[in-house]
Structure formats: C-alpha cells, structure tokens
Amino acid sequence: MSSDLLCGTHAAPVVTQLRRHAPLVHCITNDVVQNVTANVLLALGASPAMVVDAEEAAEFAAIADALLINLGTLTRPQQQAMRAAIDSACAAGKPWTLDPVAVGALTLRTSFAHELLARKPAAIRANASEIRALAGESTGGRGVDSTESTHLAREAAITLARRSGAIVAVTGEVDFITDGERTVAVHGGTAMLTRVVGTGCALSAVVAACSALAGDRLQNVAAACWLMKRAGEAALAASHGPGSFATALLDSLHVQACGGRHETH
C-alpha cells in the first residue's frame with residue numbers, strides 16, 4: 001500500500017480544472033450550513049443548488065454534475081429526498097458524496113448512513129470519530145465533534161474505502177484520503193477552521209465538486225482537502241478572530257481558485 005504527501009504541485013491542475021468546468025453541485029445538506037456551503041462553492045467557481053423536495057431532488061440530481069448528501073439535520077422526510085436523489089444520480093452516472101454527520105452518536109442517522117453505503121457513494125468525507133463509527137470500530141464522537149485523532153482513524157478509512165468502493169477522506173489535524181490501496185496525507189490548516197460553523201460541511205461540498213472532475217478521483221478529493229487547509233492558513237493570517245476569519249476564508253478560497261490572483265470580475 002502506497003502513502004504519499006499531497007503538495008501544491010499536485011493540487012494545482014485539479015484547482016484549475018475545477019475553475020474551468022464549474023461543476024453544478026446539488027447539495028442536500030443541513031439547515032445550519034446552506035449559506036456557508038453555497039458561498040464556498042461559489043468562491044471556488046463551482047455552482048451550488050439546494051433542491052430538497054423529493055420529487056424535484058430526483059429530477060435535479062440527474063441534471064447536476066455531482067450530489068452532496070449531508071446528514072447534519074436529518075429528518076425522516078429528508079431521507080425520502082436523499083434516497084430519490086441518490087438513485088437518480090446513480091442512474092445518470094453522476095457521483096455522489098456522503099457526509100455522515102454525527103454518525104455513531106445518534107441512532108437514526110447511523111442506521112440511515114449504513115443503508116446509504118449500499119448505494120455506492122463516490123466519496124465519503126468525515127471526521128475521525130464518524131469514520132471509525134461508519135467502519136464499525138467505535139460508537140462515534142460527541143455529535144458533530146470528533147473525539148479522536150485522524151491517525152487513529154487512518155486504518156478505519158482504508159477499511160471503509162475497501163468495503164464501500166468510495167474514496168474516503170478523514171479530515172482533522174492531518175487529512176488522510178484513501179481508495180483502500182493508496183493513501184494521501186494532507187498536512188497544515190488551522191484549528192480556527194473548527195471555530196467557524198460549516199467549514200467541514202462545506203469541505204464535503206468541495207469534495208463532491210472535485211469528484212465530478214476528470215482524472216484520478218483520489219487526487220481530486222485530496223486536492224479539495226488541500227484547498228481548504230491552504231485557504232484556512234491564509235485566512236488566519238488575515239483575520240483577528242472567528243468573525244473576520246469566516247470572511248477571510250471565502251476570500252482565500254477565491255484567491256486559491258484563481259491561481260493566487262485577486263479576481264474582481
């Protein structure tokens with residue numbers, strides 16, 4: 001099994017492709033983060049859409065380039081829309097990404113997440129506790145918060161990737177992205193990313209967007225993680241606390257997508 005460290009040289013072509021193709025990402029995500037998720041995708045040049053009615057979700061998933069399923073504020077009616085959207089996306093050959101928020105900590109979402117694994121996600125993005133719970137190695141963390149190191153979840157991510165066929169990204173102090181055989185590590189970032197609502201959920205949307213790009217999906221998903229870490233570092237240097245950091249993060253993502261240039265039109 002190989003293990004590599006992703007650097008900007010490897011990520012740059014993926015970032016360029018993301019900007020050039022501007023994938024349309026259908027986000028069925030949690031109520032808390034819809035605005036953040038949409039703004040992050042727009043900052044990177046992608047197009048967000050939040051279509052949540054079950055009938056419309058099925059119709060739109062076939063049109064979009066990628067689908068994000070986020071279990072953050074899961075309800076039983078929302079489950080219907082998610083199932084319909086996933087089935088439609090799969091029938092149309094469109095990749096979908098699972099963000100199993102708080103899996104292991106709560107019964108409804110844990111059962112539902114395991115059901116969704118049978119529908120073959122292209123990618124799974126989660127914290128260490130969620131990945132270990134989804135792989136059956138623990139009962140999960142404290143809600144949306146991870147109580148474990150990503151290093152402890154690395155083997156669980158590999159196991160989950162082999163079982164599901166998905167690219168699995170376990171994110172935290174070090175991100176590990178794996179297809180079950182190859183594993184890429186992405187270092188850096190800042191703890192301030194955990195002090196702003198929605199950065200992990202927004203990263204899952206970026207993973208979904210990058211999963212729709214041509215090329216090696218493992219490298220594409222790793223590039224999404226690299227983007228968020230680099231933008232977080234730049235935002236920290238330009239901010240004075242969580243409020244200004246949130247704004248600076250969007251600016252930094254936009255600059256990253258533009259190849260280090262400020263684009264105003």
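When reading the values below, keep in mind they use all heavy atoms of this one structure, side chains included, and skip hydrogens, waters and symmetry mates.
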Of the non-hydrogen atoms in [X] and [Y], which two are nearest, and what is the gap between them?
X	Y	value
D65	A212	O-CB, 3.5 Å
V15	A257	CG1-CA, 3.7 Å
M228	T199	CE-O, 3.8 Å
G104	A133	CA-CB, 3.8 Å
C201	V101	SG-CG2, 4.5 Å

- [ ] Check side chain to side chain donor-acceptor pair (under 3.5 Å) between R230 and all other residues, then give those that pass, not counting sequence neighbours.
- [x]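 If we apply the side chain to side chain donor-acceptor pair (under 3.5 Å) test to R230, skipping adjacent residues, the hits are E233.
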- [ ] Please name all residues satisfying ring pair (Phe, Tyr, Trp, His ring centres under 6.0 Å) with F60, sequence neighbours left out, ordered by chain then number.
- [x]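 Listed in chain order: H26.
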Task: Partners meeting ring pair (Phe, Tyr, Trp, His ring centres under 6.0 Å) with H10 (sequence neighbours left out) - done: none
Task: Pairs touching residues 196-249 that satisfy ring pair (Phe, Tyr, Trp, His ring centres under 6.0 Å), sequence neighbours left out - done: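 Sorted result for residues 196-249: empty, none.
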TODO: Measure the CG-CG distance between N30 and D99 for me, rounded to the nearest 0.5 Å.
DONE: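 Rounded to the nearest 0.5 Å, the CG-CG separation comes to 8.0 Å.
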TODO: Applying side chain to side chain donor-acceptor pair (under 3.5 Å), run through E59 and S88 and close with a yes or a no.
DONE: CA-CA 7 Å; E59 185 178 0; S88 178; over 6 Å; no
- [ ] Starting from V52, walk the hydrophobic network (Ile, Leu, Val, Met, Phe, Trp, Tyr; side-chain heavy atoms closer than 4.5 Å) and list everyone else you reach, by chain and number.
- [x] none
Task: Residues clustered with L152, ILVMFWY side-chain links under 4.5 angstrom - done: none
Open item on the list: We want to know whether T171 and R125 form a side-chain donor-acceptor pair, criterion being a heavy-atom distance below 3.5 angstrom.
Closed with: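 Short answer, yes.
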- [ ] Check whether L68 and M50 end up in the same hydrophobic cluster, where Ile, Leu, Val, Met, Phe, Trp and Tyr are linked by side-chain heavy atoms less than 4.5 Å apart.
- [x]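 L68 and M50: separate clusters.
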